Amino acid sequence: MRRTIRTIGAIILLLPTVTQAQLQPPSAAGAAAQPAVVVPPPPAPGDLPEFARPDDPWIYRGTDIPWDQEWLFGEMPNGVRYAVRDNGVPPGQVSIRVRIDAGSLYEKDSERGFAHLIEHLLFRQSKYLGDGEAIPHFQRLGASLGNDTNAITSPTQTVIQLDLPNARGPVLEDSFRLLSGMIREPTLSEANIRTEVPIVLAERRERGGAQARAADASRELFFSGQLLASRNPIGTVPTLEAANQESVRAFYRRWYRPENAVVVVSGDANPMMLAKLVEKYFGDWAASGKPDPQPDFGTPTAPDGADPANPVGETRVLVEPGQTRSLVYAIVRPWHEVTDNIEYNRGLLLDSIAQAIINRRLEARARGGGTFLFASAERDKSARSTDTTYVSFAPLTANWKSALNDVRGVLADALAQPPSQAEIDREIAEYDVIFANMAQQASIQAGSKLADDIVNAVDIREAVAAPDTILAVFRDMKARFTPNEVFAHTQELLKGDVIRALYLTPEAGEADAEAVRAAMLTPVEVAVDARSAAEAISFADLPEIGTPAEPTSREILFSNGRERQVEKLTFANGVRVLLMPTSNEPGRATVRVRFGGGYRSFAKEEGAYAALGSMALVSSGLGPLGQNELDQIATGRKLGFSFSMDEASFRFEGQTRAEDVEDQLYLFAAKLALPRWDPAPVERAKAASLLSYASLATDPNGVLNRDLDWLLHNRDPRFATPDPEAMNKVTPEGFQQVWSRILQQGPVEVDVFGDIDREKVVAALSRTFGALAERQPLPADVESQRFTFPAANARPLALEHNGDADQAAAVMAWPIGAGSAGLPQSRKTELLAEVFSNRLMDAMRERAGASYAPYVGSRWPLGVDSGGTFVAMAQLPPAQTDAFFAAADKIADDLAANGPTADELARATEPVLQALWRMQSGYTFWMNQLEGGAFDANRVTYLPTIIADYQNTTPAEIQALAARYLAARDGFRLAVLPSDKAGSAGMQTGVPAAGVPTTVGR
């Protein structure tokens, strides 16, 4: 039953989590008031595998949570436990997880980083797979690196993950054989360790910098006195460099044992067969000697003399120039393993309601003129080490004490008196929609997620429950959601054994640890205006969009079987609609609105307003609804309101359900017809941009995020990240002037796909988008714009970052095609990018150990006929930038001269094909392929050839594309170097174009 729910604006996010809460023992009256939940009888044994235990599933022992009968659990004499189930989402795929109960907390001081290093070594070489063969082998089967073939190492576990497409017969069995060899008999040789350590160190370097130092400081402080304080899974340079065959094998022997292993399999296969495969390949795994005892992770304790009413302990100030100010204080309690029963989960739900009310109040305070940009309170059980409530916020100014008092005042009010029933009911309505939707979609849960849920439950020592059980428990306990009971859980949430605080600031001398401690000890006044309004708002009371109008024409635009019929509607005002009702994804629907001209719609001097659009356009409101009212009207509904843009168009999108589609359509249509221009969201977005701008210069990634898009568009200021000078010129009045013009211009396409009632949606469209006034056409100069690519440069352009001296990045890019007429060719350039990526990975990671995750991607815009790019990049040490450019040049030249081998192309093509076949079962695939098709016939014309365009690509075609796009002209070269090296690296120093607000080389 593990779920955390977070409310962000009007959009509700549901995230699987390992965060749980410890409950006080329930009162007799409260426990007796709950209806009994009956555990269903186990299935008949039938032809069960030898060690299956359907009548005694190990994960449910000691709990009254009803067993999820879709799972078959088993235990083998050697201690290996397993869970398997039949799941056909997506069709043909089997998701396998092998979990080892050992992470960085299981390491000795001299072994820091070994758990993660062994994760790498499992893929390096093993009993049945030679050196470096694992990834290419699974690629040939259609599993892509990172998406389908992956692994994680946390403080408490190591998990090998394989999502195997087209997992039939011999392929499935052989994959079990290979995985068993990787887990049971990896080749932990001196040579492999020497090969893999540089790769791990590259990963460590790429994840380093200011953010890593802040994470380390937080861990050291919040887990002071416990193992977790010094056990970052990535390890340390000295211990990794000292790793050798003997020491690595010693760690492996201690923890890679059958009694520490859990195998989870969920996929499109008979569960009896899956269980037998687990038993066949893991049942005879034996380990010598007795297992080591579990490490003692330690217990948090308050310092001597701490006030029990406000037990402030250790505090710390971390100075990181360029970083955004933030303060986090942790209310820390010991972690205890719980009895995961229904009453415990009722307590979790009460905790969640209490937390949601606090966070809504904090958000309302931030919107209403608070001294902080954002704030939140989140409870988390961290790595079986602590049970902590983290209170975090970003001060708007250097006056962090005022922001701290502001946040503490809101929490003091939560501790002073119970919430109102109206506040509670609002959060209950939000949760009910989510849990009901989960239950409705139970049959279409992805097998990979179901497998991950089991793994996470094992990790936190708890159980799992089916979605209908979660919904039933929630609805059965609604009488428990009273002000007094929620208040009791609020008090538990905000009290602990010790409180620790960390302040991150860019300015030295702004604060010290004692000042933070004194501020935390200062009594705080209750914020009398902290409580948010909870009055309901009805869509029936909102103004009409205009005069309803039925579509003037309806036609079947595309058909691929009965389930995939896309209808095109045209309205007299020019709005066009694509509809695709489906029945195989109950409870899911998406509304997407494409409109206008995208980046083309902005004048050159309006770039800052383009950047603010994604942050402030939606929250500036519509009709009578401001940001708070948008939150309120979404209560009890499933609505979304995301906004994005590209070179050709703008997009609104919302994930919804059949009963809320009309309301979703109204919100989008009203934003176009009845825009509201509240200044507060613009000022808040402006403040966020100003606060975060300097942080973009503190590492290579930040510089690329800031400048790469701008540079690849030949320094077009509309793609620039506005600097403080440009952002300070922005006004709410200017924002309204720019965006009110843009909202009125250009064509509108509405796409509604999913579990919908066709005729009800048509009627709703008639009342919303059909009722819009006729749109203004895009101006001719907007329609005819072309985007240009920077000139090739033999000497790379050098940009500076202010971060660690061992961090750099290198980029090489070429212009390619664009426009929907080239759709078939765009697909083939994706394969070229995959081939290039595999070669670059081999050159920069496998051979040189210089870069952990080099990237190659092809971007072919469809809505315009210019702006396509082919980009290769890597993070690496400064001394390796020349090696990157040499490797990229060599790969490009060789592909143009000789093309890929048949095996290289197969390794690139098969994962793409398998992903396409899997995605076709969901309506989102068809929506993504056909969006824009109401105005652009090419999207429809070339959809039936999508499989053939990939499947029939030949090495000669890839060679021709490489010759046309990569060898026909030199690439654009860019290096991001530490500030002390950028001017002396024999490269061009970044010089801004005249009049461009964003500069480089700073």
Side-chain angles (χ1 to χ4, degrees), residues 1-7 14-37 39 59-66 331-359 377-382 384 386-390 411 414-415 418-419 421 423-425 427-432 434-435 438 453 456-457 459-467 469-497:
M1 296 178 67
R2 309 299 153 239
R3 299 291 188 273
T4 286
I5 296 178
R6 299 176 183 172
T7 305
L14 178 65
L15 304 173
T17 181
V18 298
T19 63
Q20 303 306 328
Q22 178 192 8
L23 297 183
Q24 297 297 327
S27 67
Q34 305 307 318
V37 180
V39 177
I59 203 168
Y60 291 104
R61 287 177 190 151
T63 180
D64 59 356
I65 294 173
I331 306 168
V332 187
R333 298 167 290 269
W335 178 85
H336 298 289
E337 189 165 347
V338 302
T339 299
D340 187 14
N341 55 26
I342 290 175
E343 182 57 30
Y344 167 67
N345 283 277
R346 291 175 183 134
L348 293 181
L349 291 166
L350 283 159
D351 289 342
S352 296
I353 294 293
Q355 182 173 292
I357 290 170
I358 291 170
N359 284 326
E378 302 284 345
R379 191 171 193 171
D380 182 55
K381 284 194 172 182
S382 304
R384 305 203 301 270
T386 67
D387 172 7
T388 302
T389 301
Y390 296 97
L411 301 187
L415 286 169
Q421 189 64 52
E423 286 182 294
I424 294 170
D425 290 344
E427 305 306 336
I428 289 173
E430 300 271 22
Y431 276 58
D432 194 88
I434 294 171
F435 291 147
M438 285 170 49
D453 285 348
N456 290 333
D459 187 44
I460 61 175
R461 308 304 197 239
E462 298 184 16
V464 293
T469 298
I470 298 171
L471 179 63
V473 170
F474 177 72
R475 287 182 171 173
D476 285 346
M477 66 168 293
K478 284 188 178 180
R480 293 270 294 272
F481 291 118
T482 64
N484 285 337
E485 192 143 11
V486 173
F487 184 46
H489 284 262
T490 302
Q491 293 176 310
E492 181 187 333
L493 185 72
L494 298 178
K495 293 182 180 179
D497 292 22

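None of the values given here were measured: they were computed from a predicted structure.
Partners of R333 under the salt bridge (Lys or Arg N to Asp or Glu O under 4.0 Å) rule, at least two apart in sequence or in another chain, are D387. Qualifying side chain to side chain donor-acceptor pair (under 3.5 Å) partners for Y60, counting only residues two or more places apart in sequence or in other chains: none. The side chain to side chain contact (heavy atoms under 4.5 Å, CB included) check on F487 picks up P418, P419, Q491, with sequence neighbours excluded.
A side-chain donor-acceptor contact under 3.5 Å links R384 to the backbone of D459. Using a distance-only test at 3.5 Å, with no hydrogens or angles considered, no donor-acceptor pair links the side chain of N345 to the main chain of L348.
Between the OH atom in Y431 and the CE atom in M438 there is a gap of 11.5 Å [rounded to 0.5 Å]. The CD1 atom of I59 sits 11.0 Å away from the CZ atom of R461 when rounded to the nearest 0.5 Å. For the atom pair CD1 of I460 and NZ of K381, the computed distance is 8.0 Å after rounding to the nearest 0.5 Å. With rounding to the nearest 0.5 angstrom, the CZ atom of R480 is 6.5 Å from the NE2 atom of H489.
Between F435 and F474, the ring-plane angle classifies as perpendicular under the 30° and 60° cut-offs.
The only member of T389, T490, L415 that meets side-chain contact (heavy atoms from CB on, under 4.5 Å) when paired with I358 is T490. Among R475, E423, K478, the one residue that satisfies the side-chain contact (heavy atoms from CB on, under 4.5 Å) test with I428 is K478. Among N359, I357, V486, the one residue that satisfies the side-chain contact (heavy atoms from CB on, under 4.5 Å) test with E427 is I357.
Contact detail for T388 and T386: the closest heavy-atom pair is OG1-OG1, 2.8 Å. Summarising the geometry of I424 relative to I353, their closest heavy-atom pair is CG2-CG2, 4.2 Å, with the distance given to 0.1 Å. Smallest separation of non-hydrogen atoms from A463 and D340: N-OD2, 2.6 Å. When every heavy atom of A465 is checked against every heavy atom of I65, the shortest pair comes out as CB-CG2, 3.9 Å. Closest approach of D497 to P334, counting heavy atoms only: OD2-CD, 3.4 Å.
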Using side chain to side chain donor-acceptor pair (under 3.5 Å), reason through D380 and S382 one step at a time and then give a plain yes or no. CA-CA 6 Å; D380 182 55; S382 304; 2.7 Å; yes
Next item on the list: Go through E462 and V338 one step at a time and tell me if the side-chain contact (heavy atoms from CB on, under 4.5 Å) criterion holds.
Entry: CA-CA 8 Å; E462 298 184 16; V338 302; 3.6 Å; yes
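Under the 4.5 Å side-chain criterion, counting only non-hydrogen atoms from C-beta, Y344 is not in contact with T63. By the 4.5 Å heavy-atom criterion applied to side chains, D64 and E343 are not counted as neighbours.
Between the side chains of D351 and Q355, no donor N or O sits under 3.5 Å from an acceptor N or O.
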